[in-house]
Novice: 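I'd like to ask you about the structure that follows.
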Amino acid sequence: MEFIPFGKQCIEEDDVRAAVEACYADFLTTGPRGKIFEKAFADYCDVRYAVAVSSGTAALHLASIGLLNEGDLVLTTANSFVATSNAILYVGAKPIFIDITQDGNIDLDLCEKALQENPNIKALYGVAFSGNMLDQQKLQALRDRYNIIILEDCAHALGAVKDGIVSGSCQNSDVSIFSFHPVKHITTGEGGMITTNSTALYEKLLLLRNHGMDKKGEIAPWYSEMTQLGYNYRLTEFQSALGLSQLHKVEGFLEKRRAIAKRYHDSFDGTNIKALYPYDSSSAYHIFVVRVDFGALSITKKVFFEKMLEKNIGLYVHYIPINQHPFYKELGYLDKDTPMTQRYYEEAVSLPMYPSLSPEEQAYVLDAFWEVYRKSLIA
Ligand SMILES: *Cc1c(COP(=O)(O)O)cnc(C)c1O
């Protein structure tokens, strides 16, 4: 069996053709394809505006400049990729790590408690972990009661729809961000998208993406002026062409991801291997995480991973809690403040999940997993 990673892109001939064709066009950046990609993405997400940027991290950075001020306190989760809370630090704001619930998402009840105790908290950065959207009713209630800014990190959740609300539609948030890293639902190599319904924020994001420069050609043909400190976070035309081609396939990709999730559930439900939540067709299943009680095994998690690697299967862990990284420890964060996240991290195992994972490969992964598990189970 060829190596099976935990995730990978699905690029087909027509995707490549779209990208190549864009390379022969007059504009390689800041051209029509970017706008078309943004419009299609906004339509797909049922949102007014979409701004394409050079990565999910750039999306988080620009959104944070638009939303936060220096010194702002921001509730967020330690169960994410470091980019989520790094963006809060980029703008001189301060992350506060709130613990998670069983499904791996930030505990919105604990968020409410924190908001009651500290009226100075300005914002909430949540992650739709694994593709499972945040509870939208609770999000709306927090927004109404505490007047906070909300960012949804939807890097895992393109195509998720919960209770009729589309991921990225910003019905109960100010902004959402997406990533087009190769392991995500659609890819542009590197790339990302910001979605919002706010015209003011949208216009600010356009400026920030392009060096803070405005009024191009309005006063004289050569003239544009810089009005704020911006960046070059643009996406190229060939990336946008690739992204658009990929976006057309996202529903098919999601169908395959959900079928794989179902297969995994059929194998694990009713056993000691626990999925994060029951099979849920509203999840976008960016990853499929199971929780394994390694205390019941004669081998460590590391050895378990090594044994799977010997069978050419690349498991992964999403994520090392952010407040456990040396950089964050140095800032004074304590991982003991988020005990559920800690426990989750000890048990979490991400199984291979990507559209081209064939039924034979799925069976191979499950057989290998159960073999390693059963052989090391302490009687
Ligand atoms: C992938 C990811 C990001 C960062 O996206 P990049 O495009 O790699 O910069 C941010 N947040 C989460 C939850 C992610 O999974």
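Counting convention: from 1, in listed order, for ligands and their atoms alike.
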Novice: For ligand 1, which atoms sit closer than 4.0 Å to a heavy atom of T84?
Specialist: 11 (N)
Novice: Relative to atom 11 (N) of ligand 1, which among D153, N86, T57 owns the nearest non-hydrogen atom?
Specialist: D153
Novice: Please identify which atoms of ligand 1 are closer than 4.0 Å to at least one heavy atom of Y319.
Specialist: 15 (O)
Novice: Going by the order shown, which atoms of ligand 1 are within less than 4.0 Å of some heavy atom of G191?
Specialist: 7 (O)
Novice: Kindly give the heavy-atom pair with the smallest separation between L142 and C111, and that separation in Å.
Specialist: CD1-CB, 4.2 Å
Novice: With a heavy-atom distance limit of 4.0 Å, tell me whether H156 approaches ligand 1 through its side chain, its backbone, both, or neither.
Specialist: side chain
Novice: Taking distance alone, with N or O pairs closer than 3.5 Å, would you say S80 contacts ligand 1?
Specialist: no
Novice: Please check if any side-chain donor atom of N132 sits under 3.5 Å from a side-chain acceptor atom of K162, or the reverse.
Specialist: yes
Novice: Ion pair present between K249 and D14, side-chain N to carboxylate O less than 4.0 angstrom?
Specialist: yes
Novice: Polar-atom distance check: G56 versus ligand 1, any N or O pair below 3.5 Å?
Specialist: yes
Novice: Please list, one pair per line, the donor and acceptor atoms closer than 3.5 Å that link side chains of residues 18-29 to other protein atoms, with sequence neighbours excluded.
Specialist:
none

Novice: Which atoms of ligand 1 sit under 4.0 Å from any heavy atom of A155?
Specialist: 2 (C), 11 (N), 12 (C), 13 (C), 14 (C), 15 (O)
Novice: Report yes if the distance between the aromatic ring centroids of F369 and Y364 is under 6.0 Å, otherwise no.
Specialist: no
Novice: Transitive ILVMFWY cluster of Y223 at side-chain heavy atoms under 4.5 Å: who else is in it?
Specialist: I219, W222
Novice: Which is closest to atom 1 (C) of ligand 1 in terms of heavy atoms, H181, H61, H318, K184?
Specialist: K184
Novice: For S179 and ligand 1, does the shortest N/O to N/O distance drop below 3.5 Å?
Specialist: yes
Novice: Please name the pair of heavy atoms, one in V250 and one in L158, separated by the smallest distance, quoted to 0.1 Å.
Specialist: CG2-CD2, 4.0 Å
